[in-house]
Amino acid sequence: KIAVTAAAGGVLAYSDVTAGIGVWTASARPDDGFVAADIRNATRDIMQKFYPAVSRNGEQLAFIAFGGLKGAKLEVRRTDFAGRGETILPTQARGISFVHYPRFSHDGSLLAYRDYLDDKLHTFIVPAGASAGSDAGAIGQVWDFFPDPDFVLVQTPAGELAKRSLKSGENTIVLSLKEGFLNDGSLAPDGRWAAFRSGLPDGRVSISIGPVGS
């Protein structure tokens, strides 16, 4: 309740505000940066939505849905724009710590997200159409898949970006900074370059591009 005012006779007047956070979509042309004015709500229920991820073919959408502090309900959801249904992946909620960050493989056949297991953040890999995934372990944040879906771009505890094999568990550092931090990586379609957010000790933050090999 905000802007409360009272009359001498005991009448109260106030504003009751409910904030909503949703996922919206718009058509765009990447070649010239045009974005259509027709913006549409991609979700329908009243839960708050965070951190959307779209598959590269534009057919699927994943996001975090949060049901509020009282119920502490938090889900990773996977849906498609053709209206064929929605898959709900329940999580081990930890208050409002939104650390799940869903990410699609290049062909959209896999979805990676993080969740708590034995009080540690593990990465889970979920195939298309499945309601549960396999545990890839506490491998760090998966920001993207390489064209070969057996390899993912992860952020290490030291703040570096690494190419990790899901089969062998081997990490190969592909990007690091001498100072500051980097995170939130996104690979080019050929997997040879990554865009990432970088921050420097003086407080500046930028989006940068760097080579990561093949």
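Owing to the predicted nature of the structure, the values given are computational and were not obtained by experimental measurement.
- Going from atom CG of D115 over to atom CG of L121 covers 7.5 Å, rounded to the nearest 0.5 Å.
- In this structure, W143 has its ring center at least 6.0 angstrom away from the ring center of F196.
- With rounding to the nearest 0.5 Å, the separation of CD in Q141 from OH in Y113 is 13.0 Å.
- Following chains of ILVMFWY side-chain contacts shorter than 4.5 Å, one can reach V76 starting from F104, so the two form part of one hydrophobic cluster.
- Considering OG1 of T87 and CD of E75, their distance stands at 11.5 Å, rounded to 0.5 Å.
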Trace of the side chain to side chain contact (heavy atoms under 4.5 Å, CB included) decision for H106 with D144 | CA-CA 8 Å; H106 278 220; D144 206 346; 4.3 Å; yes

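- Rounded to the nearest 0.5 angstrom, E160 CD and T172 OG1 are separated by 11.5 Å.
- In this structure, K163 satisfies the cation-pi test against F146, with its NZ or CZ atom closer than 6.0 Å to the six-membered ring centre and inside 45 degrees of the ring normal.
- Note that the CG atom of L187 and the CG atom of D190 stand 9.0 Å from one another [nearest 0.5 Å].
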List the steps and the verdict of side chain to side chain contact (heavy atoms under 4.5 Å, CB included) for L74 and I64.
-> CA-CA 7 Å; L74 199 151; I64 297 172; 3.6 Å; yes

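- When each of T156, T123, V154, L153 is tested with R164 by the rule side-chain contact (heavy atoms from CB on, under 4.5 Å), just one qualifies, namely V154.
- Here the closest heavy-atom approach between residue A65 and residue K49 is recorded as CB-CD, 4.1 Å.
- The CG atom of L61 sits 6.5 Å away from atom OG1 of T79, with the distance rounded to the nearest 0.5 Å.
- Closest approach of I173 to A162, counting heavy atoms only: CD1-CB, 3.9 Å.
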Working for salt bridge (Lys or Arg N to Asp or Glu O under 4.0 Å), residues D150 and K167 = CA-CA 7 Å; D150 288 332; K167 290 183 177 180; 3.2 Å; yes

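- With a 4.5 Å cut-off on side-chain heavy atoms, T5 and L12 do not count as touching.
- Between D118 and K120 there is no salt bridge, since none of the side-chain N atoms of the basic residue sits less than 4.0 Å from a carboxylate O of the acidic one.
- In terms of heavy-atom proximity, I125 sits nearest to P127 at O-CD, 3.8 Å.
- None of R77, H100, R78 except one satisfies the side-chain contact (heavy atoms from CB on, under 4.5 Å) rule with F63; the exception is R77.
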